[in-house]
Protein chains: 2
Amino acid sequence: MLSERQKKILRAVVDEYIVNAEPVGSRTVSKREDMGFSAATIRNEMADLEEMGFLEQPHTSAGRIPSQSGYRYYVDHLMVPERLKRSDLLAIRRLFTSQMDALEQTIQQTVSILSRITNYTSIMLGPELYDNKLKHLQVIPLNDRLAVAILVTDTGHVDQRQITVPEGVSLSSIEQTVNLLNTKLSGVPLYRLKRTVYKELFEELSRHVENYEYLLAMIDQMLASELESRVFTSGTTHILNQPEFKDVEKVKSLMELLEETETVTRLFTTRDTGVQIKIGYENHLEAVSHCSIVSASFLLDGRSLGTIGVLGPTRMDYQKVVSLLDVLTRDFSKHLRDLYK
Amino acid sequence: MLSERQKKILRAVVDEYIVNAEPVGSRTVSKREDMGFSAATIRNEMADLEEMGFLEQPHTSAGRIPSQSGYRYYVDHLMVPERLKRSDLLAIRRLFTSQMDALEQTIQQTVSILSRITNYTSIMLGPELYDNKLKHLQVIPLNDRLAVAILVTDTGHVDQRQITVPEGVSLSSIEQTVNLLNTKLSGVPLYRLKRTVYKELFEELSRHVENYEYLLAMIDQMLASELESRVFTSGTTHILNQPEFKDVEKVKSLMELLEETETVTRLFTTRDTGVQIKIGYENHLEAVSHCSIVSASFLLDGRSLGTIGVLGPTRMDYQKVVSLLDVLTRDFSKHLRDLYK
DNA sequence: CTTAGCACTCGAGTTATCGGAGTGCTAACA
DNA sequence: TGTTAGCACTCCGATAACTCGAGTGCTAAG
């Protein structure tokens with residue numbers, strides 16, 4: 001257990017280091033407002049804090065920097081979510097009150113504003129579609145062998161796929177069948193679509209079309225791409241401003257990581273509600289061992305629909321990011337509610 | 001006019017520098033196969049080549065590196081497009097002979113393979129849609145006030161947009177009108193769509209719907225987004241491997257540039273047919289003053305539909321990139337032809 | 001328990017040193 | 001006249017030596 005003074009000092013060190021990215025010395029700390037102890041006292045305490053593992057020294061006779069546990073303690077017990085700037089708050093509100101755009105556009109704007117305010121790379125996963133309900137299914141022929149299949153969900157998401165009709169199948173028969181599917185499947189959630197088709201429509205279908213397997217495969221494919229996670233990114237270049245990324249190698253490994261959808265999804269997905277913070281090695285990945293990821297889910301009816309988050313150096317402005325994400329997920333959840341109800 | 005020997009030497013210097021990224025000395029050149037002159041002779045010639053502006057010295061008593069004009073001369077007169085590796089050629093062929101995917105997917109794969117083979121960042125613009133013909137227009141209502149508008153072209157491109165129906169307009173009237181538009185406008189090229197609507201359908205429309213301006217505006221919006229240039233990128237991180245980008249600042253300015261669709265479009269667009277090479281300052285942009293851009297258009301019926309290109313350091317493997325782009329644009333053009341005819 | 005004082009440490013930044021690759025020039029040679 | 005060997009010279013880049021100062025830990029006094 002830390003004494004009040006130790007907390008105060010740890011807090012000061014982290015705050016200072018977040019701003020300046022340089023080891024913090026005892027003198028610097030002692031000079032802060034309402035600190036009220038001499039450098040020597042601070043030094044003793046700092047030595048203790050180091051022994052406890054909250055601070056570390058890059059080398060003897062340098063100041064201290066927070067260790068990973070130091071950040072963890074700070075994040076768990078010391079920091080106070082920052083009051084957002086009016087202008088930032090306004091910009092966010094405007095995002096969601098402006099005339100409703102297509103969802104994808106709103107998402108892109110959201111991610112973009114988040115990265116602009118924080119100056120970190122920001123990422124959004126989802127929103128997940130798999131309990132969206134089918135609204136409309138349609139095949140539009142382009143020529144004898146080519147057609148476009150379109151799927152619309154009740155939330156207005158559209159997926160399309162070009163299909164080549166194999167020899168021996170007529171486009172008209174496919175159209176016919178799709179029309180049937182369209183009326184029968186309307187309102188069925190996507191995740192149940194496949195099952196419904198197989199179980200309830202199998203018989204009927206085999207009466208209607210000579211080559212129904214083909215159709216089923218097509219629907220399968222569309223669903224697969226529909227349900228796979230979608231990643232939106234913004235502000236990738238911001239990390240280049242951080243002094244911890246003056247080394248090109250680090251930049252490279254991070255950039256490469258950001259291009260792997262799957263890894264990004266894994267890193268950012270959060271099970272809990274509320275803002276989640278993962279610091280350094282807590283991410284279990286070498287490339288982000290000097291990064292922190294702050295993320296939060298947005299909800300619809302208490303269900304997590306997707307995640308929005310920020311990637312930055314462990315020396316991150318947690319106070320700002322946390323309150324920002326808090327507001328953003330709230331507003332985005334509300335936006336989704338407005339949009340779909 | 002350069003003597004044969006000078007050409008041979010310039011060629012050797014460029015070739016060597018492209019591989020090693022280090023100033024090339026006279027000894028190195030003289031030791032190359034079928035050079036057959038002593039270092040001293042080479043030195044004299046190199047001094048001349050420098051005077052003519054084709055080579056430069058980073059400092060006295062270092063080897064020579066090609067100047068921008070050096071590269072220009074090399075590209076215009078010296079290089080011999082390289083025979084592609086069988087495996088690369090095969091990979092490309094497979095791209096286009098595999099079962100036809102949606103165009104967007106093929107594009108992404110094309111760009112991706114280009115960057116993988118070259119190890120440079122590669123980019124594709126287009127394909128332009130504006131002489132695509134309208135195939136299908138449809139509005140799918142989601143609820144009382146929200147709907148999705150879908151536009152399909154004869155090439156299978158799908159654009160969709162969520163629309164909010166304003167007070168005082170009924171969704172059914174909009175659907176009705178869109179049906180009318182759908183039959184009347186089918187087969188009209190996109191770039192003539194607007195004019196056609198205004199000129200030929202104005203009267204008819206105003207009879208059918210109380211609030212047709214709204215619809216027109218919607219179509220306008222869709223077209224706008226339809227016609228704006230589309231940029232596909234791959235292998236952004238490859239530039240990080242180039243020694244000329246060990247400095248983070250350069251990386252940053254380039255990355256930021258790559259995020260500006262408009263600039264990228266401007267840089268890569270080529271008027272001419274065939275492969276175009278722009279070296280360093282020929283791009284008229286500080287951020288790419290140490291880069292070369294090699295790009296080529298792909299054609300349908302002799303018309304340029306889009307561009308595919310590569311961004312790398314001026315010290316680029318032009319011989320490889322040029323022949324690669326040559327094959328790629330040919331094959332892609334052919335693919336488009338197959339797809340749409 | 002706190003703090004002033006002080007010797008000590010160590011890295012960052014600067015300057016000095018050194019080796020070697022590469023040049024330009026000269027003179028000899030074909 | 002063109003080519004080449006030889007050689008003195010240049011200059012970069014890597015390495016070592018040096019200095020400076022911020023910051024520490026320890027001690028002893030308040």
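A note on names: the letters A, B, ... follow the listed sequences, proteins ahead of strands, and every chain is numbered from 1. Quick note: numbers below take in every heavy atom, side chains included, and nothing from hydrogens, waters or symmetry partners.
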**Q.** Reported CD-to-CZ distance for the pair B:Q108 and B:F232, which is rounded to 0.5 angstrom
**A.** 6.5 Å
Q.
Taking atom CZ as the centre, does A:R330 end up with more than 12 heavy-atom neighbours from other residues, nucleotides or ligands that are less than 6.0 angstrom away?
A. no
Q | Salt-bridge present (B:E50, B:R64; N to O < 4.0 Å) | A | yes
Distance-only check: which donor-acceptor pairs under 3.5 Å involve side-chain atoms of residues 25-37 of chain A, not counting sequence neighbours?
residue : atom : partner : partner atom : Å
A:S26   : OG   : A:R43   : NH1          : 3.2
A:S30   : OG   : A:R27   : O            : 3.1
A:R32   : NH1  : A:E16   : OE1          : 2.8

**Q.** Sorted by number, the residues of residues 33-44 of chain A with heavy-atom contact under 4.0 Å to DNA chain D
**A.** A:R43
Q.
Is a donor from one side chain sitting under 3.5 angstrom from an acceptor on the other, for A:Y120 and A:D317?
A. no
Q: Give the first and the last nucleotide of DNA chain D, reading 5' to 3', that has any atom under 4.0 Å from a heavy atom of chain B.
A: D:dT3 to D:dC12
Q: Enumerate the residues from residues 16-30 of chain A whose closest heavy atom to DNA chain C is under 4.0 Å, giving them by residue number; use none for an empty result.
A: none
Q. Around atom CD of A:E22, are there more than 12 heavy atoms of other residues, nucleotides or ligands at under 6.0 Å?
A. no
(Q) To check you understand the geometry: which heavy-atom pair defines the closest contact between B:I113 and B:I92, and what is its length? (A) CD1-N, 4.2 Å
**Q.** Of all pairs that satisfy side chain to side chain donor-acceptor pair (under 3.5 Å), the ones with a partner from residues 245-255 of chain A, not counting sequence neighbours
**A.** A:K252-B:N241
Q) Among residues 52-71 of chain B, which contact DNA chain D at a heavy-atom distance under 4.0 Å? A) B:H59, B:T60, B:S61
